[in-house]
Amino acid sequence: MPNRRFTRVLVANRGEIALRIIRAARELGLYSVAVYTTDDAASAHVGQADQAIRIDSAQGYLDADALVTAALRAGAQAVHPGYGFLAENAGFAQRCIDAGLCFVGPSPAAIGLMGDKATARRAMASLGLPVIPGYDGDDQSDLTLRQEAVRIGVPLMIKACAGGGGRGMRRVDRLTDFDAALSAARTEALAAFGSSAVVLEQAVDQARHVEIQILADAYGNVVSLGERDCSVQRRHQKLIEESPCLAIDTVRRRDAGMAASEAIRLLGYEGAGTLEYLLAPDGRLLFMEVNTRLQVEHPVTEAVYGVDLVQWQFHIAAGRPLTSDPELGTLSPLGHAIEVRLCAEDPACAFLPQSGELLCWRPPSAVRVEHALHDGAHISPRFDSMIAKLVAHGPDRESARRKMVAALAQLQAFGVVTNRDFLIRCLEHPVFVAGDADTSFVEAHATALVSPHDSASEALVTAAACLSQLAPDELSGATLLPLLPVPLLLQANGRRSAYTVERQSAGRFNVISGTQSLNCIILRADRHDAHIQVADQFLSLRWWRGQGDLWLATDRLTLYVRDCSLEPTMITAVATDLGASTGEVRSPMNARVSRVLYKTGDSVAEGTVLVTLEAMKIEHQVIAPFAGKLRQVEVASGGQVQKGALLVVIEPSAP
């Protein structure tokens, strides 16, 4: 055994991940060193660490040399990579070791073997674990991959060998679409992981995504801490995770855990890791990959097994055997835990990533919340869209589910669109309540999960019209305001509507929209909360008002309302029409331009990919709305664009 004693550790990550590791280090009496970029100087993890060092590098948190240099400058003896991409980077692990630092994670050899989907598949198959039928060969030529796709048949999955988090992954349902899907997967994989290598796998429909958590020490001891069900996903990225999995009984849990542990032992693996499987409808547990790190969803395992997995990462790195805690190998799940990922994205717009300033942040108090947010926090398009995760634990699944719904109902996140309402609808959908959600759940029930309730939205917009006119001291009777009608043009849910607000007395309004007239009474209101009666509906809501902006949320619905009353409506309407008729194609989000595929003067067909944008590590394709010639190309590869920025102008080939 090498000398593994360390008292000072550098945390090579940011945000809530860094905070989680810093907390575990502090509880063990370890001195923590944070790193930060200039943009993150005011981030919470910087203030929580014992010491912080700025990284001056264009690569930021992914610059291995800069991180190792920072660790040596701080006098750290160990580096914890967090649970992002660096945790699965064999080169970074080796760089730490070469510098005399203890890498808190598996060996570079184990990361290299397991971090590649192709070699992991081959290794596990050689050890007797059933793998998903597919192709994991070294020949990556287009011809070979196309031939293998024909052999496997459709539907099939293309997956980046070095990938994770759904990046570099495409589903193919028709062989005629294979070439385009392969090109897109390779491009995304190369940008995200530096490798365009892929594996092909048979797509297993109506399956559950199940993963087994293991811990392995340097002495050959391996412990399995049960499984997690991560089936609720969008874009092949997890949104809701729970433990234990309802589809796995005690005997199956024991057998699967023993098989995973034996495979890990034979591979000489050390540290925390996760074996990911698909649970097929016929009951087969098919191996997919090994994640050589902690997963974002590790807190659900911590909740039901009563362990701190980050602390055990430190223990293992320091040379402590798992057998020092005899109870660890005999633990059984206690109760049920559910985790949800709060993401800055718009489910109603194909889950497009969102970025900007978080104006108001109020997390719930009854569940575990991992975050690094505060009022005024900047949500950057350069990082993952997940901004927080919530974990609810209860004596059974239903109590944990209800606890999570109540927590999300209490949560406030104003300023950036999030998936809060979508998560609540998922948790309350009958299929999820029954425990029957599989990996197709979101796609199969998209309409019910994404669409807001129109009647509730209309009531909220009516309330917004009144709140926009509410004077600070109006309800106390200290303010005398004119009773003249006020015309408003409000935009919500992607459309604009005209209203007239007539103040009748303090806190009492009549709101006219078209032929409809509604009485609205603001029964109580302060800076954050309001209780309002709209006709026969009573609304208890949280709200935030800025210059022309209103954010409102009930326990089930969040709404952003913009006051467009001072904008010239005729000019706006004409401009919108002209934009459509002249082929102005604009950016749907704040993003980096990763590729511009055509130049001014080129002819394009309808549906042609014109520009690819990258935001929050996801690639988005901007396509031509109709056939024509490019009259203007306003962007270049590598540039940054804001939401609504002009990308290209297409001159239609026909009126």
Side-chain angles (χ1 to χ4, degrees), residues 344-349 352 354-362 375 379 409 411-422 424 450-472 474 485-503 507 509-514 516-535 537-569 572-573 576 643-644:
E345 62 186 20
D346 188 351
C349 294
L352 272 181
Q354 306 291 304
S355 57
E357 183 182 0
L358 191 63
L359 302 170
C360 178
W361 168 249
R362 300 288 182 275
D375 291 359
I379 308 302
L411 180 143
Q412 281 180 254
F414 293 158
V416 177
V417 175
T418 74
N419 64 342
R420 184 204 78 139
D421 303 355
F422 172 83
I424 293 174
V450 171
S451 302
H453 303 294
D454 289 337
S455 60
S457 295
E458 288 302 319
L460 269 185
V461 175
T462 302
C466 300
L467 288 170
S468 69
Q469 300 302 304
L470 186 70
E474 182 170 351
V486 178
L488 294 176
L489 181 64
L490 301 182
Q491 180 171 303
N493 288 334
R495 66 177 185 270
R496 293 184 176 186
S497 303
Y499 297 85
T500 300
V501 179
E502 298 175 340
R503 179 179 277 101
F509 302 86
N510 184 47
V511 181
I512 301 170
S513 175
Q516 188 178 32
S517 178
L518 292 174
N519 290 318
C520 181
I521 305 173
I522 301 179
L523 303 169
R524 177 181 57 80
D526 56 28
R527 287 183 58 200
H528 300 294
D529 299 281
H531 192 60
I532 301 177
Q533 180 181 353
V534 179
Q537 292 189 58
F538 288 86
L539 303 175
S540 290
L541 54 89
R542 281 86 61 204
W543 67 301
W544 183 94
R545 183 171 69 182
Q547 197 167 19
D549 293 328
L550 274 145
W551 289 82
L552 305 94
T554 66
D555 60 350
R556 293 295 186 276
L557 186 61
T558 305
L559 196 67
Y560 167 55
V561 181
R562 187 162 67 90
D563 187 351
C564 306
S565 305
L566 299 181
E567 296 180 10
T569 58
T572 300
T576 301
K643 183 177 181 179

The reported gap from OG in S468 to CG in D549 (rounded to nearest 0.5 angstrom) is 11.5 Å
On a heavy-atom basis, the closest approach of A344 and I379 is CB-CG2, 3.9 Å
I'd like to check L488 versus V486 (side-chain heavy atoms, cut-off strictly below 4.5 Å). Are they in contact?
yes
Could you state the interatomic distance from CD (Q516) to CG (L518), rounded to the nearest 0.5 Å?
4.0 Å
One pair to check against side chain to side chain contact (heavy atoms under 4.5 Å, CB included): L411 and W361. What are the steps and the verdict?
CA-CA 8 Å; L411 180 143; W361 168 249; 3.9 Å; yes
Quick one: salt bridge (Lys or Arg N to Asp or Glu O under 4.0 Å) partners of R362, sequence neighbours excluded?
D375
T418: which residues meet the side chain to side chain contact (heavy atoms under 4.5 Å, CB included) condition with it, sequence neighbours left out?
L342, I387, A413, R420
Side chain to side chain, F422 and D346, heavy atoms closer than 4.5 Å
no
Would you say the side-chain atoms of T554 pair up with the backbone N or O of L557, donor to acceptor, closer than 3.5 Å?
yes
Do L490 and S497 have side-chain heavy atoms sitting under 4.5 Å apart?
no
Please examine the side chains of I532 and L467, heavy atoms only from C-beta on, and report whether any two atoms are closer than 4.5 Å.
yes
Considering non-hydrogen atoms only, spot the tightest contact between A463 and L541 and give its length.
CB-CD2, 4.4 Å
The reported gap from SG in C360 to CZ in R527 (rounded to nearest 0.5 angstrom) is 9.0 Å
Tightest non-hydrogen contact, residues C520 and V534, listed as SG-CG2, 4.0 Å
Could you check I512 against E502 for side chain to side chain contact (heavy atoms under 4.5 Å, CB included), going step by step and ending with a plain yes or no?
CA-CA 8 Å; I512 301 170; E502 298 175 340; 3.6 Å; yes
Main-chain N/O of D526 paired to W543 side chain as donor or acceptor, under 3.5 Å
yes
Where R503 and Q469 come nearest, the two heavy atoms and their spacing:
NH2-O, 2.6 Å
Taking the side chain as C-beta and beyond, is there a heavy-atom pair between R542 and F414 under 4.5 Å?
yes
Which atom names give the shortest non-hydrogen contact between H531 and F538, and what distance separates them?
NE2-CD2, 4.2 Å
To the nearest 0.5 Å, what is the distance between CG (L358) and CD (Q412)?
10.5 Å
Distance check, rounded to the nearest 0.5 Å: L552 atom CG versus Y560 atom OH?
11.5 Å
Between atom CG of N519 and atom OG1 of T462, what is the distance when rounded to the nearest 0.5 Å?
11.0 Å
Shortest non-hydrogen contact between I522 and L470, atoms and distance
CD1-CD1, 3.8 Å
Closer than 3.5 angstrom, by distance alone: can the side chain of E458 be matched with the main-chain N or O of L460 as a donor-acceptor pair?
no
